[in-house]
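Worksheet for the structure shown next.
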Amino acid sequence: MSETVDKATILEGLNEDLAHEYQAIIMYNTYAAAVSGIHRKELQAFFLEEVADEFEHAKFLADKITALGGTPVTRAAEVTYTTDPREMLENVVKAETETVKRYVKRMKQAEAYGDYGLASTLDDMVADETRHKEESEKILRGQWGE
């Protein structure tokens, strides 16, 4: 991305990212509560473990938005509710895949804006979200007969 990016564009993007981190926190927490069946204990633990990472991302984004003079969003992106464990994991993979794409875009915008610290942190967050996606994909490859 060779063009320059202005602060308003960065703030708009970071707020979009923050709304999706809130979505992830709610999704993981809700899925942990709602999951049932033979895999409940393992999936509940997996979902709850992810909440902490997503919350750290949300804290960073809200802090960065205010550091840039913006106002953090207070609403989450839409959460898809399901009680089917496989569908939960499929929703997680989809959400994490979209998040990686958003963060890669945001990282390029941050570089074009000249905020290399933000770009570096977003790079770390891409790695976190990629791990979440891959772990969910591995679980999905398992046996689902109950």
Side-chain angles (χ1 to χ4, degrees), residues 1-3 5 9-68 70 72-146:
M1 186 178 276
S2 57
E3 83 239 23
V5 173
T9 300
I10 291 287
L11 286 169
E12 181 181 327
L14 291 174
N15 264 312
E16 178 186 1
D17 299 334
L18 180 56
H20 282 89
E21 288 296 346
Y22 290 156
Q23 172 199 47
I25 293 165
I26 293 166
M27 178 181 66
Y28 282 125
N29 190 59
T30 303
Y31 288 178
V35 70
S36 61
I38 194 167
H39 304 293
R40 175 174 163 66
K41 281 189 177 265
E42 294 84 1
L43 288 175
Q44 181 184 43
F46 172 71
F47 292 142
L48 289 175
E49 185 178 305
E50 299 303 314
V51 171
D53 281 347
E54 306 301 354
F55 183 67
E56 287 302 315
H57 295 168
K59 284 189 335 188
F60 168 77
L61 292 167
D63 284 341
K64 187 62 181 185
I65 290 164
T66 58
L68 291 171
V73 297
T74 58
R75 294 191 187 271
E78 186 71 26
V79 176
T80 302
Y81 182 78
T82 181
T83 57
D84 179 74
R86 183 170 189 79
E87 191 176 330
M88 289 175 179
L89 289 163
E90 289 168 350
N91 290 344
V92 166
V93 169
K94 181 178 182 234
E96 297 293 6
T97 299
E98 291 169 0
T99 298
V100 168
K101 287 178 187 172
R102 266 194 318 279
Y103 283 155
V104 168
K105 176 182 177 183
R106 206 75 58 232
M107 191 171 56
K108 291 176 182 177
Q109 288 176 332
E111 288 173 354
Y113 179 66
D115 191 333
Y116 301 107
L118 173 58
S120 176
T121 301
L122 288 166
D123 187 48
D124 292 341
M125 290 164 62
V126 166
D128 289 344
E129 302 296 1
T130 299
R131 277 190 297 276
H132 298 169
K133 178 180 88 67
E134 290 172 349
E135 284 301 311
S136 299
E137 289 170 336
K138 287 178 186 178
I139 294 168
L140 277 169
R141 286 197 296 263
Q143 299 299 313
W144 285 90
E146 292 195 40

Intermediate values then yes/no, salt bridge (charged side-chain N to carboxylate O under 4.0 Å, His left out), E137 and K133:
CA-CA 6 Å; E137 289 170 336; K133 178 180 88 67; 3.1 Å; yes

Check the pair L89 / F46 against side-chain contact (heavy atoms from CB on, under 4.5 Å), numbers first and verdict last.
CA-CA 10 Å; L89 289 163; F46 172 71; 4.0 Å; yes

Any donor-acceptor N/O pair, T30 side chain to M27 backbone, under 3.5 Å
no

For E98, is there an ion pair with K101 - N to carboxylate O distance below 4.0 angstrom?
no

Test item: side-chain donor near acceptor, H132 and E54, under 3.5 Å
yes

Can you confirm whether E21 sits close enough to T99 that some side-chain heavy atom of one is under 4.5 Å from a side-chain heavy atom of the other?
yes

To check you understand the geometry: which heavy-atom pair defines the closest contact between E111 and A119, and what is its length?
CG-CB, 3.6 Å

Are any of the side-chain nitrogens in K59 or E56 under 4.0 Å away from the carboxylate oxygens of its partner?
yes

Taking atom CD of E78 as the centre, report whether more than 12 heavy atoms of other residues, nucleotides or ligands fall under 6.0 Å from it.
no

Candidates T83, T82, N91 - the one meeting side-chain hydrogen bond (donor to acceptor under 3.5 Å, both in side chains) with Y31:
N91

Residue pair T130 / E134, side-chain heavy-atom distance below 4.5 Å
yes

Output the distance between atom CG (L14) and atom CG (D115), rounded to the nearest 0.5 Å.
8.5 Å

Atom pair CZ/CD of R102 and E16 - distance to nearest 0.5 Å
5.5 Å

Just how far is it from atom CG of L68 to atom NZ of K64, taken to the nearest 0.5 Å?
5.0 Å

Taking it one step at a time, do L43 and M88 satisfy side-chain contact (heavy atoms from CB on, under 4.5 Å)?
CA-CA 10 Å; L43 288 175; M88 289 175 179; 5.9 Å; no

Closest non-hydrogen atoms of P72 and A62, given as atom of the first, atom of the second and distance, are CG-O, 3.8 Å

Check: R141 side chain, S136 main-chain N or O, donor-acceptor pair, under 3.5 Å
no

Nearest heavy-atom neighbours spanning L11 and I65:
CD2-O, 3.6 Å

Under a 4.0 Å threshold between the charged nitrogen and the carboxylate oxygen, would R131 count as salt-bridged to D53?
no

Within this structure, what is the CG-NE2 distance for the pair L61 and H20, rounded to the nearest 0.5 Å?
12.0 Å

Do T74 and Y22 pass the side-chain contact (heavy atoms from CB on, under 4.5 Å) test, and can you show the C-alpha distance, the side-chain angles, and the key distance before you say yes or no?
CA-CA 9 Å; T74 58; Y22 290 156; 5.6 Å; no

For the student: nearest non-hydrogen atoms of T66 and D63, plus distance
OG1-O, 2.9 Å

Answer yes when R86 and E90 have at least one side-chain N-carboxylate O distance shorter than 4.0 Å, and no when they do not.
yes

Quick one: pull up CZ in R106 and OH in Y113 and give me the separation to the nearest 0.5 Å.
14.0 Å

Rounded to the nearest 0.5 Å, what's the gap from NE2 on H57 to CD on E129? Could you check?
5.0 Å

